[in-house]
Amino acid sequence: MRNHYRSMREKMTPSFKRSLDVEIASRLLCSMEYMLAKTILTYVAKSTEIETRDIICAALTLGKRVAVPKCEGQGVMKFYLINSLGDLKAGFRDIMEPDTDKCRELSDFSDSLCIVPGLSFDPQGQRLGFGGGYYDRFLMDYKGTTAGLCYSSFIKWDLPAEQHDIPVDILITESFLRHTAEK
């Protein structure tokens, strides 16, 4: 299933992908959860992922704290506060991550919104991740609101889920924003 969704992403033209990414970012930026959040936790997109750099820049412009993950090994991921995209460098699997010489680790997750990556989501917020388990481990202890970004054509009914999988609270596509769970 992962290979199928990776292949679908790779086949998208850059202009079509960009148009969808802009719509998804717009829905997120207009959401009440985003507006109320003081801290945004977000991945930094690779080329086939839904772009997050505009989201990062918008949050920083609004004076929100922005934290991005760094994979520490053995499935452990920590978030570090950044002040600009210049605080990032290529890390694990060439994923852009915080330069820990410039950034401090985030310890206070109150009033935060965590943007969770995924290849596919189902309408209930279950996600098909990239297979490393980093977000699954992080989300076990995370008490804030989570948002999954997904292309509407990548929504699949009844994704297989395991007991440890934690669904996102909000699912955002270029076509809709859906609350999936009550906290």
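All values below were derived from every heavy atom in this structure, side-chain atoms included, with hydrogens, water molecules and symmetry-related copies excluded.
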Could you check whether any side-chain heavy atom of [X] comes within less than 4.5 Å of a side-chain heavy atom of [Y], counting everything from C-beta outward?
X      : Y      : value
Lys64  : Leu60  : no
Val116 : Tyr43  : no
Met77  : Tyr135 : yes
Thr39  : Leu113 : no
Ile50  : Leu20  : no
Glu10  : Thr48  : yes
Asp136 : Ile166 : no
Leu177 : His179 : yes

Looking at every non-hydrogen atom in both residues, tell me the closest pair between [X] and [Y] and how far apart they are.
X      : Y      : answer
Arg65  : Leu81  : CB-CD2, 3.8 Å
Thr180 : Gly125 : CG2-N, 3.8 Å
Ala59  : Val66  : CB-CG2, 3.6 Å
Lys17  : Ser47  : CE-O, 3.0 Å
Ile115 : Ile55  : CD1-CG2, 3.9 Å
Thr146 : Pro167 : OG1-O, 4.0 Å

Residue pairs involving residues 98-120 (criterion ring-ring contact (aromatic ring centres under 6.0 Å, His included); sequence neighbours excluded)
Phe109-Phe138
Please evaluate residues Gln124 and Trp157 with respect to the criterion side-chain contact (heavy atoms from CB on, under 4.5 Å), reporting the C-alpha separation (whole Å), side-chain torsions for both, the decisive distance (0.1 Å), and the verdict.
CA-CA 9 Å; Gln124 293 75 39; Trp157 287 93; 3.9 Å; yes
Can you get from [X] to [Y] by hopping between Ile, Leu, Val, Met, Phe, Trp and Tyr side chains that sit under 4.5 Å apart?
X      : Y      : value
Leu119 : Ile95  : no
Leu41  : Met140 : yes
Tyr142 : Leu149 : yes
Leu29  : Leu36  : no

Judged by modelled atom types alone, do Ser120 and Tyr151 share a side-chain donor-acceptor pair under 3.5 Å?
no
Go through the side-chain N and O atoms of Thr145 and Asp169 and say whether any donor and acceptor fall under 3.5 Å apart.
no
Nearest-0.5 Å distance, [atom1] of residue [X] to [atom2] of residue [Y]:
X      : Y      : atom1 : atom2 : result
Ile170 : Cys114 : CD1   : SG    : 11.0 Å
Lys46  : Asp94  : NZ    : CG    : 6.5 Å
Phe79  : Cys103 : CZ    : SG    : 13.0 Å
Ile24  : Ser19  : CD1   : OG    : 9.5 Å

side-chain contact (heavy atoms from CB on, under 4.5 Å) evaluation trace for Ile155 with Asp122:
CA-CA 5 Å; Ile155 302 292; Asp122 72 13; 5.5 Å; no
Can a donor-acceptor pair be found, under 3.5 Å and without considering hydrogens, that links the side chain of [X] to the backbone of [Y]?
X      : Y      : answer
Asp87  : Asn83  : yes
Arg178 : Pro123 : yes
Arg127 : Val168 : no
Ser26  : Val22  : no
Lys78  : Leu106 : no

Please, which pairs that meet salt bridge (charged side-chain N to carboxylate O under 4.0 Å, His left out) have at least one residue in residues 53-62, sequence neighbours excluded?
Arg18-Asp54, Glu51-Arg53
Taking it one step at a time, do Phe176 and Leu171 satisfy side-chain contact (heavy atoms from CB on, under 4.5 Å)?
CA-CA 8 Å; Phe176 63 85; Leu171 182 57; 4.3 Å; yes
Could you please spell out the steps behind the side-chain contact (heavy atoms from CB on, under 4.5 Å) verdict for Leu85 and Ile56?
CA-CA 8 Å; Leu85 295 174; Ile56 291 169; 3.9 Å; yes
Going by the rule ring pair (Phe, Tyr, Trp, His ring centres under 6.0 Å), which residues pair with Tyr34 if we only count those two or more places apart in sequence or in a different chain?
none
Contacts of Arg27 meeting side-chain hydrogen bond (donor to acceptor under 3.5 Å, both in side chains) (sequence neighbours excluded), chain-then-number -> none
Going by the rule side-chain hydrogen bond (donor to acceptor under 3.5 Å, both in side chains), which residues pair with Glu174 if we only count those two or more places apart in sequence or in a different chain?
Ser152
Evaluate the salt bridge (Lys or Arg N to Asp or Glu O under 4.0 Å) criterion for residues Lys38 and Asp108: first the C-alpha distance (whole Å), next the side-chain angles of each, then the deciding distance (0.1 Å), finally the verdict.
CA-CA 11 Å; Lys38 293 180 181 165; Asp108 177 10; over 6 Å; no
Under the rule for side-chain contact (heavy atoms from CB on, under 4.5 Å), what residues qualify as partners of Thr100, not counting sequence neighbours?
Lys70, Tyr80
